[in-house]
Amino acid sequence: MTKSPCRSTVLCAIFAAILNGQFVLAQDTNKLKIGFSIEDTKGERWQTDLNSFEMRAKQLGVEVISRDAGGDADRQFQQVKDMIKAGIKVLVLMPRDTTKASRMVDAAKSANIQVISYDRLVMNSDVDLYVSFDRVEIGRMQAEYLAKHAPRGNYVLIAGSPRDEGAKALHDAQMSVLQPYIDRGDIKVIADAYTKDWLPSEAYLFMLKAIDSTHGQIAAVVASNDGLAGGAIQALREHNLAGKVAVSGQDADLAAVICIAQGVQSMTVYKPIVNEAARAAEEAVRLAKGEKAHADGTISNGWIKVPTIMLKPVAVTKDNIKTTVVKDGFQTLKSINQALPADQQIK
Ligand code: BGC
């Protein structure tokens with residue numbers, strides 16, 4: 001029998017506690033807890049947001065409770081209530097429906113928990129901070145590029161989810177650029193709609209109809225993100241129009257960057273989301289420690305002026321894939337090139 005290191009009941013109790021990991025547990029419960037609630041991690045970008053947030057929070061020594069609601073607004077509400085019970089100090093919230101999400105903010109605030117609205121702005125609520133990319137700038141970049149390269153002809157606008165306030169902000173910004181062209185009669189908007197849940201399949205069907213009604217006479221598609229662009233490009237491919245119609249996007253998804261290299265998508269807007277997630281984690285820790293967030297502006301959510309951090313988006317075309325998304329390690333040359341024939345590869 002091995003000799004027990006216990007010389008007294010106190011030492012024995014300490015030894016048993018170490019073996020049981022109770023000391024580690026005691027230390028962990030002292031850590032600040034931050035909640036990260038995301039409505040859905042489907043769609044290329046969102047897993048990166050979640051991973052980057054968790055990584056930065058870990059570096060900062062806080063514990064993250066993260067939950068993915070799988071696209072269900074009621075489940076997201078329940079998950080937020082569970083996080084509140086689990087003792088989070090700050091809630092970082094990426095909501096499914098930016099109007100209905102105020103119930104989650106209310107629940108958090110009544111438990112004295114501060115809330116950061118992540119990427120999407122929670123309307124009519126007391127959120128403490130909004131961290132995102134400049135949506136007006138993104139919408140402008142998309143429309144300006146298209147108007148420059150296709151200054152005349154029929155335009156199709158495919159906007160995001162009507163439940164995402166940001167989708168409207170993008171659409172308004174795009175229209176502000178296109179309006180003078182429309183007024184001059186150079187550009188004609190022949191189809192313009194929001195798409196349920198930003199679904200590429202909706203964009204595909206919408207595009208088929210637009211092609212049909214114009215007999216393929218389309219100059220440009222203002223697709224608000226890369227998923228929607230992908231749906232539209234599929235319809236264009238089926239009518240041998242891919243590459244002949246200018247198409248915008250957003251997110252610098254791998255499939256979109258490949259389409260840009262192939263010449264069937266004109267541009268995308270790259271948002272360094274690793275920075276967005278890291279910034280949200282840093283601000284969450286600041287708030288959890290009772291410090292003030294480092295915002296650089298405000299935005300109205302219909303109720304208050306929300307302190308805001310708006311990061312800078314970057315327009316990506318065939319010419320700068322290497323110096324933007326590849327340089328940052330957001331996409332790799334290998335994964336882009338392996339989808340392309342030798343003559344289209346990026347050197
Ligand atoms: C984000 C976009 C994303 C879209 C669909 C928006 O709220 O800002 O980057 O493409 O949701 O997931």
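Just follow the structure's listing: the first ligand is 1, and inside any ligand the first atom is 1.
- By heavy-atom distance, the residue among Arg120, Glu165, Glu276 lying nearest atom 7 (O) of ligand 1 is Arg120.
- Panel note: side chain Thr308, backbone Val306; a donor-acceptor pair is recorded below 3.5 Å.
- Atom 4 (C) of ligand 1 has as its closest protein heavy atom Trp198 CE2, 3.6 Å.
- For ligand 1, the atoms lying closer than 4.0 Å to a non-hydrogen atom of Arg45 are 1 (C), 2 (C), 8 (O), 9 (O).
- Proximity of Arg135 to ligand 1, defined as any heavy-atom pair under 4.0 Å, is not found for any part of the residue.
- Here is the list of ligand 1 atoms found below 4.0 Å of a heavy atom in Trp46: 1 (C), 11 (O), 12 (O).
- When Asp197, Asp253, Asp251 are checked for heavy-atom proximity to atom 10 (O) of ligand 1, Asp251 turns out nearest.
- For the pair Gln142 (side chain) and Gly249 (backbone), a donor-acceptor distance under 3.5 Å is present.
- Remark: the backbone N or O of Leu146 is paired with a side-chain donor or acceptor of Tyr155 at under 3.5 angstrom.
- Atom CE of Met55 has 12 or fewer heavy atoms from other residues, nucleotides or ligands within 6.0 Å.
- Ring geometry, Trp46 versus Tyr118: the interplanar angle exceeds 60°, so the pair is classed perpendicular (tilted spans 30 to 60°).
- Nearest-residue assignment for atom 1 (C) of ligand 1 (options Asn225, Leu170, Asp49, Asp119; heavy-atom criterion): Asp119.
- For the ligand labelled ligand 1, residue Lys271 lies inside the 4.0 Å heavy-atom shell.
- No hydrogens or angles considered: nothing links the side chains of Gln76 and Glu39 as a donor-acceptor pair under 3.5 Å.
- The main-chain N or O of Asn301 is never found under 3.5 Å from a side-chain atom of Lys305 such that the two would form a donor-acceptor pair.
- Within the 4.0 Å heavy-atom criterion, neither part of Asp226 lies near ligand 1.
- Listed by atom number, the atoms of ligand 1 under 4.0 Å from Asp164 heavy atoms are 6 (C), 7 (O), 11 (O).
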